[in-house]
Amino acid sequence: MNCELFHESLSAWLDRELSDASLLAMQEHAAACTSCRAAMEASQSFHELLSQELTPTPLDLDRFCQRVVRELPKQEILLPTNRGVLQSPSSAEASSNATMSPAIPLAYMSVAALVGFVAAWWMASLYFRPVVPSAVAKSESYEFGKVVELIPSPSIRYPDNGIARNTVVVSTSLHQHTPPSGSDVSVLVGCTVQSPQNYPCELTTHRGATVRMDQQTEVKIESEDALQLKAGRLWYVSSDQATAEPLVIHTPLARLQLADAECHVDLGEHGLIVDGLRGIAQVTLVNADQVKRQPVDVEAGERLHVDPMQQVSKGTIDPLLLPSWMDKVAVLPGSNPDDLRRRVASLWEQLQLEPKSEVYAVELRKIGMGCSQELSAFVCPKESSPRQTAPNEQPRRELASMILADVVDFDSAETLVPLLLDDNHVVRYHAARGLARVAGHGSTMSPADWQAMTSDQCQAAADAWRRWLADPHHEVAPQLRFLKKKA
Amino acid sequence: MGDDQLVERTLAGDSGAFETLIRRWSPRLLAYARGLVPHVAVAEDIAQESLLRAYRHLATLQQPGQFGPWLLSIAHRLVLDWRKAKARTEVSWIDSSSNETRSIGADQQNSQNPHYACERNELQKILHEQIDGLPEELRQVLLMHYFDNLTYDELSDLLGVSKATVNSRLAKARNLLRIRMSAVRSER
């Protein structure tokens with residue numbers, strides 16, 4: 001087991017969810033690796049804190065069930081009508097009796113006629129009444145899993161040029177419902193949503209994202225966050241309903257705020273990508289902590305890049321708030337070295353507060369990805385040679401060399417070779433470890449071995465690695481084990 | 001007897017069948033609600049309303065065998081409604097004076113020491129603030145894991161995600177919480 005796998009398994013270890021084999025491998029690794037052992041202990045103590053503070057609340061299940069059962073007699077099962085409307089069994093029975101009864105009393109007919117007249121007058125007044133600008137379109141909520149028919153009512157005039165807009169509020173989940181054939185629109189919750197055949201409708205997810213579906217649009221709800229356009233066009237409707245901007249959205253980790261309404265977007269490999277906007281839209285990024293960033297203008301076809309180092313052209317997201325994202329995103333080339341240094345320095349301070357935390361170790365490695373040059377400059381500042389570095393800089397140089405070693409970036413190899421001759425034996429050790437990782441094999445030499453090696457031996461190692469680098473096929477990696485024996 | 005048969009019997013007028021469904025699904029329903037809502041009493045109310053709403057709308061359930069997931073989705077909707085209402089009234093679940101908040105593991109002996117109690121209250125406050133600030137999917141799995149002692153298998157079943165996802169969410173939740181707590185504590 002290596003350190004990376006060890007850290008990945010820590011959570012399962014805490015929760016006793018590991019197999020015997022994995023448990024044994026972890027114990028063996030922890031016995032051999034001091035930093036992982038420290039990470040294990042730190043995780044254990046935090047887990048104990050959580051266990052202590054978040055004690056299970058006793059649950060009186062019987063009392064709860066009795067409470068619900070007591071309420072049951074007050075409820076009645078609603079029956080669906082052929083229009084998809086639910087009504088109580090008593091009223092359904094009444095209407096059924098009324099139509100089936102052969103003899104209807106005269107008084108009853110009179111009342112029905114009167115009611116009919118009043119209803120007709122009311123509908124006529126609705127139809128001929130001028131449209132009230134502030135009128136709100138009819139909005140109904142449907143239960144999860146229900147297949148609904150959206151039928152625009154000709155008797156109701158809606159604010160937007162008489163087009164009926166039906167808002168379907170959908171809770172998403174992951175199981176399937178098969179639509180009956182012939183329905184106008186199928187709301188396949190958790191699966192696919194299809195627009196009506198001849199008029200648009202709006203779809204609102206439970207997270208508040210609103211999309212207007214054009215004709216023949218099919219939207220797939222893949223998970224709780226993702227809305228995926230399958231065909232046709234997906235329209236994003238801003239809250240003022242004045243304009244509808246077509247918007248193509250990829251992936252679902254962060255929230256994008258467009259104008260005043262929200263939807264969910266994805267962070268692609270290189271950050272957030274928004275395209276397909278018509279005109280200029282103002283975009284505000286909201287991170288997982290609901291912190292809003294400064295709004296930015298995005299033009300049609302423009303891409304919005306967000307990277308974890310906050311070297312962002314248009315917006316920014318705190319990487320600490322999106323840990324899963326960090327696993328996928330490398331620092332974009334061209335990151336600002338000053339910011340990188342500041343960040344490494346800040347993390348170094350944190351590391352001193354909480355030594356050898358696995359979180360920081362993971363994060364530091366992420367910083368290293370694609371930033372070998374900057375890190376190299378950090379290990380070997382141009383303004384001073386390694387041998388003249390101030391003593392308090394040494395721990396940071398060791399840290400940076402460790403990151404360089406963990407990054408396994410081939411481009412870092414040329415930087416690592418001279419570090420084999422560094423005065424600091426920890427830097428030498430990490431340089432050798434990094435080179436071994438780049439070459440695809442592990443190093444069995446410890447920092448103590450590198451401390452014991454003479455300068456000639458270090459020079460021999462550096463020469464061997466230079467030869468390896470010069471070899472176009474990089475076939476024969478230096479045998480450091482052999483050097484160790486010689487030492 | 002399977003859920004589908006119980007649903008059909010309920011629709012045929014056998015209320016005892018729905019009682020069986022209540023007893024079968026209440027533990028998972030409560031655990032699910034408690035993972036989303038920090039107030040125990042509110043979570044119970046939501047679970048109860050979910051069951052009653054499911055009962056009223058049972059005839060609309062297309063696949064009776066999917067009663068459980070359908071029930072949980074109703075609970076999810078109710079939680080969202082509750083959140084909207086909560087956002088309007090701005091009730092904080094961190095309020096230590098409220099009897100409805102999550103129970104905290106109490107160490108009776110030490111709690112008599114005023115200094116210890118004060119520190120402990122501060123720690124609890126920070127912890128609960130930070131838990132409240134976690135992304136929903138992480139908070140839910142964390143609370144369900146610790147409050148309801150649910151295993152990875154149970155969480156995976158309940159949330160409809162793989163065990164690996166449960167593992168990864170728990171790991172992220174703990175890591176994020178540790179980072180934020182250490183940052184907040186060093187600030188104070």
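Atom-to-atom distance recorded for B:Thr151:OG1 and A:Arg16:CZ is 14.0 Å, nearest 0.5 angstrom. Atoms CD1 and CG, on B:Ile22 and A:Leu61 in that order, are 11.0 Å from each other to the nearest 0.5 Å.
Annotation: side chain of B:Glu19 is not in contact with side chain of A:Cys65 (no heavy-atom distance under 4.5 Å). Side-chain contact check for B:Arg174 versus A:Leu14: some heavy-atom pair is nearer than 4.5 Å. Within the 4.5 Å cutoff, no side-chain heavy atoms of B:Leu51 are placed close to those of A:Leu72. With a 4.5 Å cut-off on side-chain heavy atoms, A:Phe64 and B:Pro27 do not count as touching. The shortest side-chain heavy-atom distance between B:Glu49 and A:Glu71 does not fall under the 4.5 Å cut-off. At a threshold of 4.5 Å between non-hydrogen side-chain atoms, the residues B:Asn167 and A:Asp15 do not count as touching. Within the 4.5 Å cutoff, the side chain of A:Arg67 has heavy atoms near those of the B:Asp45 side chain.
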_Between B:Leu177 and A:Phe46, does the side-chain contact (heavy atoms from CB on, under 4.5 Å) criterion hold? Intermediate values first, please._
CA-CA 10 Å; B:Leu177 210 50; A:Phe46 189 68; 3.9 Å; yes
- Task: Starting from the C-alpha separation in whole Å, work towards a yes-or-no answer on side-chain contact (heavy atoms from CB on, under 4.5 Å) for B:Lys172 and A:Ser11.
- Result: CA-CA 9 Å; B:Lys172 281 173 198 163; A:Ser11 187; over 6 Å; no
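Residue B:Ser168 does not touch chain A at all, counting heavy-atom pairs closer than 4.5 Å. Heavy-atom distances place the side chain of B:Leu127, and not its backbone, under 4.5 Å from chain A.
Residues passing the salt bridge (Lys or Arg N to Asp or Glu O under 4.0 Å) test with B:Arg23 are A:Asp62, sequence neighbours excluded.
Between A:Ser51 and B:Tyr146, the shortest heavy-atom distance links the atoms OG-CE2, 3.5 Å.
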